[in-house]
Visitor: 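Below are the structure tokens for one structure; questions will follow.
Quantities reported herein were computed from a predicted structural model and do not represent experimental measurements. Atom set for the values below is all heavy atoms of this structure, side chains included, hydrogens, waters and symmetry mates excluded.
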Amino acid sequence: DKVDPDDWVHDMRARSWEQVQYAGNRYRLPLEHVRDNPLFNEIRTEVQASQRTGYNGEGDAKAETLSQGFDSWGGDEYQEHVELWDIWLPLENLMVTMPTEGEMKPLRVVEWTGPEWGPYHILGFGPVPGNVMPSAPVSMWMDLHDGLNRLWRKMLRQAERQKTVTGFQLGQADDAARITKAGDGEAVKVDRPEGVREYNFGGVNNVTLMFANVVKDFLSYQAGNLDALGGLSPQSGTLGQDELLSQAASQRVQGLQAQVTRFTRGVCRDVAWYLWYDPLVQIPLSKR
């Protein structure tokens, strides 16, 4: 199962993943299932329902509020639920389950009998020396991306404000009316052409447009040549040079793919471990 970062906790004092003294995640279960679960001790009868919240422990909005909004949080649920923590203690080789609220007394403390590398696999793309938490590549591009979007939104507002009006001097209303009503390429009688003039207001600022293009190019550069990675536009005058640039830009993507492959290999290894050691597993086979 995927563990959302909003539901994740680990030992932040550790300098590497091998040194963490605890790690775990929280999840929601129906209150009735928890109270009736014989795997939990007698404290399960004291567990109370937990209110859903749209914020994590640090007060930041949870990821699911992007689609669900905050209207669905805090209301009555059809079935009462409780939030539990599963905390893995690697040094003691224990797994502790306890509620997230109240006195947080353990509902269950059992020895970890799963794979020796533990119940969690971490997928991170930017390891930081001396820190457990990796750095996301997008964090290096986010400010430029956000700034570029603000610039384009600003120019869109400028374009929407652009308007062309016809001004005329006193006594030239008839000339202005004839010019305004005339079609493209049509000849009209004008008594005093200098008394009628077209004025333009608003429009995209050229300096802002040039700066936005500079930011766009720098964002592509900072992100490892997005134009070459996406095949969005030619980067040079010859096919051979473009192929070399594309191969060089793909090195970053290949590094990310290698990390995903290692992560997936670890998950598959755990699945295979359970299939091999679980005495109750039954795997149906078909012979044609």
Visitor: Without placing hydrogens or testing angles, list every side-chain donor-acceptor pair under 3.5 Å for residues 276-288, not counting sequence neighbours.
Guide:
{"from": "Asp278", "atom 1": "OD1", "to": "Leu280", "atom 2": "N", "distance (Å)": "3.0"}

Visitor: Gln259 side chain to Leu123 main-chain N or O, any donor-acceptor pair under 3.5 Å?
Guide: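 Checked: no pair found.
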Visitor: Please tell me if the side chains of Val20 and Tyr120 come closer than 4.5 Å, counting only heavy atoms from C-beta onward.
Guide: no
Visitor: Please report the interatomic distance CG(Asn25) to CD1(Ile87), rounded to the nearest 0.5 Å.
Guide: 7.5 Å
Visitor: Tell me, which pairs form a side-chain hydrogen bond (donor to acceptor under 3.5 Å, both in side chains) where one or both residues lie in residues 264-273, sequence neighbours left out?
Guide: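 Listed by first then second residue: Trp117-Asp270, His121-Asp270.
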Visitor: Do Val138 and Leu256 belong together in a cluster built from hydrophobic side chains that touch within less than 4.5 Å?
Guide: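 No; Leu256 is not reachable from Val138 via cluster members.
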Visitor: Between atom CG of Asn206 and atom CE of Met155, what is the distance when rounded to the nearest 0.5 Å?
Guide: 10.5 Å
Visitor: Looking only at non-hydrogen atoms, find the nearest pair between Phe40 and Val34 and report the distance.
Guide: CD1-O, 3.6 Å
Visitor: Test of understanding: with salt bridge (charged side-chain N to carboxylate O under 4.0 Å, His left out), list the residues that count as partners of Asp1, not counting sequence neighbours.
Guide: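 Testing Asp1 for salt bridge (charged side-chain N to carboxylate O under 4.0 Å, His left out), a comparison that skips the adjacent residues, returns none.
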Visitor: Do Gln158 and Gln162 have side-chain heavy atoms sitting under 4.5 Å apart?
Guide: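 No - every pair of side-chain heavy atoms lies 4.5 Å or more apart.
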Visitor: Rounded to the nearest 0.5 Å, how far does CE of Met210 lie from CG of Asn205?
Guide: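 Atom-to-atom, Asn205:CG and Met210:CE are 8.0 Å apart.
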Visitor: Does anything in residues 26-44 pair up under side-chain hydrogen bond (donor to acceptor under 3.5 Å, both in side chains), and if so which pairs, sequence neighbours excluded?
Guide: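 Those involving residues 26-44 are Asp7-Arg26, Tyr27-Asp86, Arg28-Glu77.
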Visitor: Test: side-chain hydrogen bond (donor to acceptor under 3.5 Å, both in side chains). Region: residues 168-190. Which pairs qualify, not counting sequence neighbours?
Guide: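 Counting only pairs at least two positions apart or across chains, the side-chain hydrogen bond (donor to acceptor under 3.5 Å, both in side chains) contacts touching residues 168-190 are Gln169-Arg192, Gln172-Asp175, Asp175-Arg178, Lys189-Asp191.
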Visitor: For Met140, does the CE atom have more than 12 heavy-atom neighbours from other residues, nucleotides or ligands under 6.0 Å away?
Guide: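 No, not enclosed.
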Visitor: Return the CH2 to CG distance between Trp88 and Asn93, rounded to the nearest 0.5 Å.
Guide: 8.0 Å
Visitor: Linking I/L/V/M/F/W/Y whenever any side-chain heavy atoms sit under 4.5 Å apart, do Trp112 and Val110 land together?
Guide: yes
Visitor: Please indicate whether Glu116 has more than 12 foreign heavy atoms, meaning atoms of other residues, nucleotides or ligands, lying under 6.0 Å from its CD.
Guide: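 Count not over threshold, so no.
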Visitor: Any chance you could lay out the side chain to side chain contact (heavy atoms under 4.5 Å, CB included) test for Tyr221 and Leu144, step after step, and finish with the verdict?
Guide: CA-CA 11 Å; Tyr221 171 82; Leu144 286 171; over 6 Å; no
Visitor: Between Val82 and Trp85, is there shared hydrophobic-cluster membership here, with clusters defined by ILVMFWY side-chain heavy atoms closer than 4.5 Å?
Guide: no
Visitor: Might you point out which heavy atoms bring Val132 and Trp17 nearest each other, and give the distance in Å?
Guide: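 The answer is CG1-CE3, 4.2 Å.
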Visitor: Side-chain heavy atoms nearer than 4.5 Å, only ILVMFWY residues, links allowed to pass through others: does that put Leu31 and Leu84 together?
Guide: yes
Visitor: Would you say Glu92's side chain and Pro90's backbone share a donor-acceptor pair under 3.5 angstrom?
Guide: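 A pair under 3.5 Å: no.
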Visitor: For the residue pair Gln222 and Trp141, what are the closest heavy atoms and their distance?
Guide: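 Heavy atoms of Gln222 and Trp141 come nearest at O-NE1, 3.6 Å.
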Visitor: Looking only at heavy atoms, which two atoms of Phe211 and Leu151 are closest? And how far apart?
Guide: CD2-CD1, 3.6 Å
Visitor: Nearest 0.5 angstrom please: Gln19 CD to Leu91 CG, how far?
Guide: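 One finds 10.5 Å between CD of Gln19 and CG of Leu91.
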Visitor: Which atom names give the shortest non-hydrogen contact between Val260 and Phe125, and what distance separates them?
Guide: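 So the minimum-distance heavy-atom pair works out to CG2-CE2, 3.7 Å.
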Visitor: Got Tyr22 and Val9 here, is their nearest side-chain heavy-atom distance under 4.5 Å?
Guide: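 Yes; the side chains approach each other to less than 4.5 Å.
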Visitor: More than 12 heavy atoms of other residues, nucleotides or ligands under 6.0 Å from CD of Glu80: yes or no?
Guide: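 It does not: Glu80 CD has 12 such atoms or fewer within range.
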Visitor: Just to verify, what does Lys105 make a salt bridge (charged side-chain N to carboxylate O under 4.0 Å, His left out) with, not counting sequence neighbours?
Guide: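 Checked Lys105 against salt bridge (charged side-chain N to carboxylate O under 4.0 Å, His left out); matches are Glu103.
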Visitor: Do Met133 and Val128 come within less than 4.5 Å of each other through their side chains, counting heavy atoms only?
Guide: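 No, every pair of side-chain atoms sits at 4.5 Å or beyond.
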Visitor: When hydrophobic residues are tied together by side-chain contacts of less than 4.5 Å, even through go-betweens, does Met104 share a cluster with Leu89?
Guide: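 The answer is yes; both residues are in one hydrophobic cluster.
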Visitor: I need the minimum non-hydrogen distance between Leu107 and Ile43, along with the two atoms involved.
Guide: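 Leu107 and Ile43 have their closest heavy atoms at CD2-C, 3.9 Å.
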Visitor: So how far is it from Trp152 CH2 to Thr208 OG1, rounded to the nearest 0.5 Å?
Guide: 10.5 Å
Visitor: Are Ile179 and Phe168 side-chain neighbours, meaning at least one heavy-atom pair lies under 4.5 Å?
Guide: no
